[in-house]
Amino acid sequence: MHTSRELTLARLPSGVPIRTTVHAYGEGELVDGDDGPELDAPEDAPVVYTQAAQHGREVNGTAVLRRLHDRLVGDGAEGASGAETGDGAEPTAAGLTGTLVTVPVADPLTFDRVSYTTPESLDSRQPNMNRCWPGDPEGSLHDRMAARLWAFAGEADAIVDLHTGSPSMATHAVYMRGDDACRGLAEAFGTDLLLAEAAGDDADTEWDERGFAGKLRVAATREGIPTITPELAHSREVVPAAVETGVAGMIGALRHEGLLDGEPEPWDGVVARNHLGRVTAGDSGLFVPEPDLAVGDRVTEGDCVGEVFDPTTFETHQVARADRDGIAYSVAREATVTAGATLVGVAERIDVE
């Protein structure tokens, strides 16, 4: 079964509603409640919540949910041409044991502007929606939008928050470090690289100061809901390979949570620590990475990863070097950088081969 409903997240100063669409597949259905759509689902069956485009320029997750929709309801050419689940059978909404809830565009404010955050005129208090979960129904626009979506996410048994990295970032999934349920869900999604992110007392000072406690993944995990954030390759463009990765990941996650028969594909990748190794620009200028440095390469402490130079005098400001052993999971390709900008992200390996 598939149902969908229009959901009003908040209202602009003019009174114009900010709307999106919620979909439900499987045993549960969306019904009209006093305050808008509600999920009516069996109490003894699992619910998985998935959203995309919380940052509006990150569109591959939306394309993933479209492809998944076509496969589940069987009414699209893309569904017929997509990869099978691994046992020769296509998944269908009628075949789900439990309910999948999806929101293809979680933040219409940023989606319409192809942006990461909202303009200050719309939400000066919290321009980044992924810093204010579980939201506040009486707060700023993003607070209210998050609270409205939390009515669905907060009742789930697992959450997949689809995001999109830059073209120069390795595809990976982030989970709460030390949480076995989150780790299992991340492995089921199946990206080769998993990044374990600390929180609370285990978080480094910078992580805490950047307000990451308000991320959907962190807020949900703290409520006992296993949650992951897959970062698919490329922003601002729909990349078929990234979409295929996302669909396969969703099938693995649904199997892991018991909504689909079968087991996820065995995982054999790399786990590393997130938000610790960041080679930053010591001064503004032009950054030229090492020619043979590619996303996913292993680096060792002291390795040269590029240089920053003055475009007017040609003087080298900085020979950038890795500050630890690890995986280069992001490399800045936009040459113009300002002091403090991240040049290369280095994820420190946790699992040893």
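Just so it is clear, the values below take in all heavy atoms, side chains as well, and ignore hydrogens, waters and symmetry mates.
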Exercise. Is the backbone N or O of Pro127 less than 3.5 Å from a side-chain atom of Thr117, with the two atoms forming a donor-acceptor pair by type?
Worked result: no
Problem set entry | Residue pairs fulfilling salt bridge (Lys or Arg N to Asp or Glu O under 4.0 Å) with at least one residue in residues 30-45, sequence neighbours excluded | Arg5-Asp32
For this session: Answer yes if Trp267 and Tyr175 sit in the same cluster of Ile, Leu, Val, Met, Phe, Trp and Tyr residues linked by side chain heavy atoms under 4.5 Å apart, and no otherwise.
Result: yes
Exercise. Sequence neighbours excluded, which residues qualify as salt bridge (Lys or Arg N to Asp or Glu O under 4.0 Å) partners of Asp179?
Worked result: none
Exercise. Under 3.5 Å, is there a donor-acceptor pair linking the side chains of Ser140 and Gln126?
Worked result: no
Problem set entry | Any residue meeting side-chain contact (heavy atoms from CB on, under 4.5 Å) with Thr171, in chain and number order, not counting sequence neighbours | Thr191, Leu232, Ala233, Thr245
For this session: Keeping the roles fixed (side chain from Thr92, backbone from Leu72), state whether a donor-acceptor pair exists under 3.5 Å.
Result: no
Problem set entry | salt bridge (Lys or Arg N to Asp or Glu O under 4.0 Å): pairs with one or both residues in residues 13-23, sequence neighbours excluded | Glu6-Arg19
Exercise. Looking at residues at least two apart in the chain, or sitting in another chain, which of them share a salt bridge (Lys or Arg N to Asp or Glu O under 4.0 Å) with Glu257?
Worked result: none
Seminar exercise, completed: Thr62 and Pro104 have their tightest heavy-atom pair at OG1-O, 2.8 Å
Seminar exercise, completed: Between Ala188 and Pro264, the two heavy atoms sitting closest are CB-CG, 3.8 Å
Problem set entry | Worked verdict on Asp161 versus Lys215 for side chain to side chain contact (heavy atoms under 4.5 Å, CB included) | CA-CA 10 Å; Asp161 185 18; Lys215 289 183 176 183; over 6 Å; no
Problem set entry | Side-chain cluster (under 4.5 Å, hydrophobic types only) that Phe309 belongs to, other residues | Leu286, Val288
Exercise. Tell me the side-chain hydrogen bond (donor to acceptor under 3.5 Å, both in side chains) pairs involving residues 283-297, sequence neighbours left out?
Worked result: none
Exercise. Would a distance-only check, ignoring hydrogens and angles, find a side-chain to backbone donor-acceptor pair under 3.5 Å from Ser168 to Val331?
Worked result: yes
For this session: Please work out whether the ring planes of His55 and His163 are parallel, tilted or perpendicular, with thresholds of 30° and 60°.
Result: perpendicular
Problem set entry | Qualifying salt bridge (Lys or Arg N to Asp or Glu O under 4.0 Å) pairs, either residue in residues 139-151, two or more places apart | Arg125-Asp143
For this session: Using atom types as modelled and distance alone, determine if a side-chain donor or acceptor of Ser330 lies under 3.5 Å from a backbone N or O of Met169.
Result: no
For this session: Could you list all the salt bridge (Lys or Arg N to Asp or Glu O under 4.0 Å) pairs where at least one residue sits in residues 233-242, not counting sequence neighbours?
Result: none
Problem set entry | Transitive ILVMFWY cluster of Val114, excluding itself - 4.5 Å side-chain cut-off | none
Seminar exercise, completed: Sorted by chain and number, sequence neighbours left out, salt bridge (Lys or Arg N to Asp or Glu O under 4.0 Å) with Arg57 holds for none
Problem set entry | Under 3.5 Å donor-acceptor, Asp325 side chain and Glu301 backbone | yes
Exercise. For Val105, does its backbone N or O pair with a side-chain atom of Thr20 as donor and acceptor, under 3.5 Å?
Worked result: yes
Exercise. So, for Gly56 and Thr110, which heavy atoms are closest and what is the spacing to 0.1 Å?
Worked result: N-OG1, 2.9 Å
Problem set entry | Hydrophobic cluster of Leu216, others only, ordered by chain and residue number, side-chain cut-off 4.5 Å | Leu7, Leu9, Leu12, Val16, Ile18, Val22, Leu30, Leu39, Val47, Tyr49, Val101, Val103, Leu109, Leu122, Met129, Trp133, Leu141, Met145, Leu149, Trp150, Phe152, Ile159, Ile225
